[in-house]
Amino acid sequence: MRIRVNPDKCQGHSRCIGLAPDLFDVDDYGLSSVKVDIVPEHLKQAARLAVDNCPEYAIEIVEE
Amino acid sequence: MTTNPVSEWATDFDVLDPAYVKDPFPIWDQLRSSCPIAHTTRRGRTWLPTRYEDVNSIAHDIAHFSSSDVGVIPFQPPDGEEIDESEDPLEYGLPPISADPPLHTWTRRLILPWFSHRRVSSYIPMTRSICEMLLSRFSSSGHADAAVDYAQQIPVRVIAHILGVPEEMSDTFTGWVRDVLEFAENPEKRSDTNGALVQFFLDQLELRKKEPGDDLISSLLQTEIEGEPVGDGIILGMLVLLLIAGVDTTWSSIGSSLWHLATNPEDRKRLVTEPEIMPLAIEELLRAYSPVTMARVVTEDVKYQGCPMQAGDKVLLSFSAANRDPEAFEEPETVDLGRKHNRHLAFGAGIHRCAGSNLARMELQVAVEEWLKVIPEFRLSNPDEVTWAGGQVRGPRILPVKF
């Protein structure tokens, strides 16, 4: 699985890092980025949780 | 100020109507299925969208919906007083919340690092010790007012610490914030309080100029934008905002969450026995009891979803109404502490997403955790004694519990 944050949509809610701290980094201004290339098996559920809780629809699964 | 009771919510709503303050949820449900954008002319022409999709899209449409006046209750100067705008110390408003780009953009960037996810983690120990101290005052007495003795006391102390102003002044700060937000219809009170708030921060600015510290106020004073200092007027507006926005809102959220746990023993037990669901539970409590409504000002005549909005009209963005929309949430009336699909808008959306959301979320979680550690079992002393505030910010103000 690969996931991506759309920087044009991200508004810094930081829901993703709260729910999946192993998958995301956020900078001082709240902009989120994915810190893994491939989502490990045991974090796939966390990745889906981050997708389903982003109020800006900024996170997408680009490859299952 | 008393108002006429509302009989037609679709065409003559009033967010200060006692029925709306106490229990707005059935009113929104009824509007969503009959007239999803309600209208009123009480306190000026105002619209109230109740669907998630509309609240979300208006929050993102900054071209048509300005943040130049985010107040839900318009400020009317006391009789006989006129506002001389040339002498208004808050001539820049309260940026970034009351600003549109470009002022919004750079003032927001100045404060965001103070409330980043990382920075907020460093405030956790301080917040925990505030909660422990407050709990120690009443934990052996068997009863407390969870709003007055606890919820109300936490955010004001945390923000005082971050601003570097005396924590002992917390009662004064709380009074000011309530005057501005809750008693907004009392012009004398609001006018006096605006003056006191401004003078307090002007004094703080002078103090920091003489003796800079490592606090937020000193940092703003030392910041330069394109080689120029930020300017006292803008800093003043930002400081007044940080105090007002960070106190009533979070305290309301903590209070509503404790009210929920006092009245729902199953959820209380679940949080005690399954602490691992805490992050999801906190988001669900934020969704179900979102405290904040923010206003927007229509910039030009526009027909929105069939509603003839005119330039200058206000639109009230009730994030709580959006968060109870069945089109956006499965069984929205059910508080499900393990809810997995939850794109709630408790902190707004778009470029004005609450700058303090990380701080608020942390304070709510720590406040609930510490309370449950010391008082895992509690219930309302008397449901009839509970009172709620509403309008701009909704939450319990009197919340007696026994344990």
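Each chain gets a letter, A, B and so on, in the order its sequence line appears, and its residues count up from 1. Atom set for the values below is all heavy atoms of this structure, side chains included, hydrogens, waters and symmetry mates excluded.
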If you count heavy atoms of other groups shown closer than 6.0 angstrom to [atom1] of [X], is the number above 12?
X       : atom1 : answer
E53(B)  : CD    : no
Q305(B) : CD    : yes
Q222(B) : CD    : yes
E327(B) : CD    : no

Practice prompt. Against chain A, work out which of H117(B), H352(B), R109(B), R118(B) has the most heavy-atom pairs shorter than 4.5 Å and name it.
Written response: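 With the most close heavy-atom pairs to chain A, the winner is R109(B).
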
Fill in: Residue among R343(B), K340(B), R339(B) satisfying side-chain contact (heavy atoms from CB on, under 4.5 Å) with D52(A)
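Exactly one candidate clears the test, R343(B).
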
Which atom names give the shortest non-hydrogen contact between [X] and [Y], and what distance separates them?
X       : Y      : result
R353(B) : Q11(A) : NE-O, 2.9 Å
R361(B) : S14(A) : NH1-O, 4.4 Å
S357(B) : H13(A) : OG-O, 4.2 Å

Worksheet item: When heavy-atom pairs shorter than 4.5 Å are enumerated against chain B, which of G12(A), C10(A), G18(A) gives the highest number?
Response: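 Of G12(A), C10(A), G18(A), G12(A) has the most heavy-atom pairs under 4.5 Å with chain B.
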
Item to complete: Check whether any side-chain N or O of N342(B) sits under 3.5 Å from a backbone N or O of N53(A) as a donor-acceptor pair, and report yes or no.
Response: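 The answer is no, because no donor-acceptor pair under 3.5 Å joins these two groups.
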
Worksheet item: Which residues in residues 27-37 of chain A have a heavy atom less than 4.5 Å from any heavy atom of chain B?
Response: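 Those residues of residues 27-37 of chain A which have a heavy atom under 4.5 Å from chain B are D27(A), D28(A), Y29(A).
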
Worksheet item: Is it the backbone or the side chain of I351(B) that comes under 4.5 Å from a heavy atom of chain A, or both, or neither?
Response: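 I351(B) touches chain A through backbone and side-chain heavy atoms alike.
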
Worksheet item: Non-hydrogen atoms of chain A under 4.5 Å away: do they reach the side chain of N358(B), the backbone, both or neither?
Response: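 N358(B) touches chain A through side-chain heavy atoms alone.
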
